Amino acid sequence: MGKVTVNSSLIEANELIKSGISGKSDELSVKEISELIGQKIWFAAEILGIELD
């Protein structure tokens with residue numbers, strides 16, 4: 001389960017990054033995209049047991 005969840009979280013973060021860079025996100029502000037990306041990365045790191053500073 002952990003591997004699939006980490007994969008999913010990182011894929012979602014990647015998609016958010018691409019939408020933010022391309023400017024194709026009409027629904028979310030840059031700040032909202034940044035916060036979501038951070039959440040996905042922290043979630044993946046937590047599952048992997050990686051401590052982020």
Side-chain angles (χ1 to χ4, degrees):
M1 177 181 148
K3 183 178 179 181
V4 172
T5 306
V6 169
N7 249 4
S8 177
S9 187
L10 293 174
I11 289 169
E12 289 172 13
N14 185 51
E15 292 302 316
L16 287 165
I17 291 167
K18 288 193 293 188
S19 71
I21 290 172
S22 69
K24 291 185 179 178
S25 180
D26 297 329
E27 300 169 10
L28 300 172
S29 69
V30 172
K31 182 180 180 197
E32 291 169 321
I33 291 172
S34 299
E35 289 173 355
L36 288 171
I37 291 167
Q39 289 173 8
K40 299 295 180 188
I41 292 171
W42 278 91
F43 182 64
E46 184 179 309
I47 292 170
L48 294 171
I50 299 170
E51 188 174 326
L52 300 176
D53 293 331

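For clarity, every value in this text was computed on a predicted model and none was experimentally measured.
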To the closest 0.5 Å, what do you measure between [atom1] ([X]) and [atom2] ([Y])?
{"X": "E35", "Y": "K31", "atom1": "CD", "atom2": "NZ", "result": "5.0 Å"}
{"X": "I17", "Y": "S22", "atom1": "CD1", "atom2": "OG", "result": "12.0 Å"}
{"X": "I41", "Y": "L16", "atom1": "CD1", "atom2": "CG", "result": "9.5 Å"}
{"X": "I33", "Y": "I21", "atom1": "CD1", "atom2": "CD1", "result": "10.0 Å"}
{"X": "W42", "Y": "I50", "atom1": "CH2", "atom2": "CD1", "result": "11.0 Å"}
{"X": "L36", "Y": "L28", "atom1": "CG", "atom2": "CG", "result": "6.0 Å"}

>> So which atom in E32 and which in E27 form the shortest heavy-atom distance, rounded to 0.1 Å?
In response: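 Result for this residue pair: OE1-O, 4.1 Å.
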>> I need the minimum non-hydrogen distance between A13 and I37, along with the two atoms involved.
In response: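 Minimum heavy-atom contact is O-CG1, 4.0 Å.
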> Any sub-3.5 Å donor-acceptor pair from S9's side-chain atoms to T5's backbone N or O?
Replying inline: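 Not confirmed, S9 side chain does not pair with T5 backbone.
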>> Can a side-chain donor-acceptor contact be found between E15 and S19 if the only test is distance below 3.5 angstrom?
In response: no
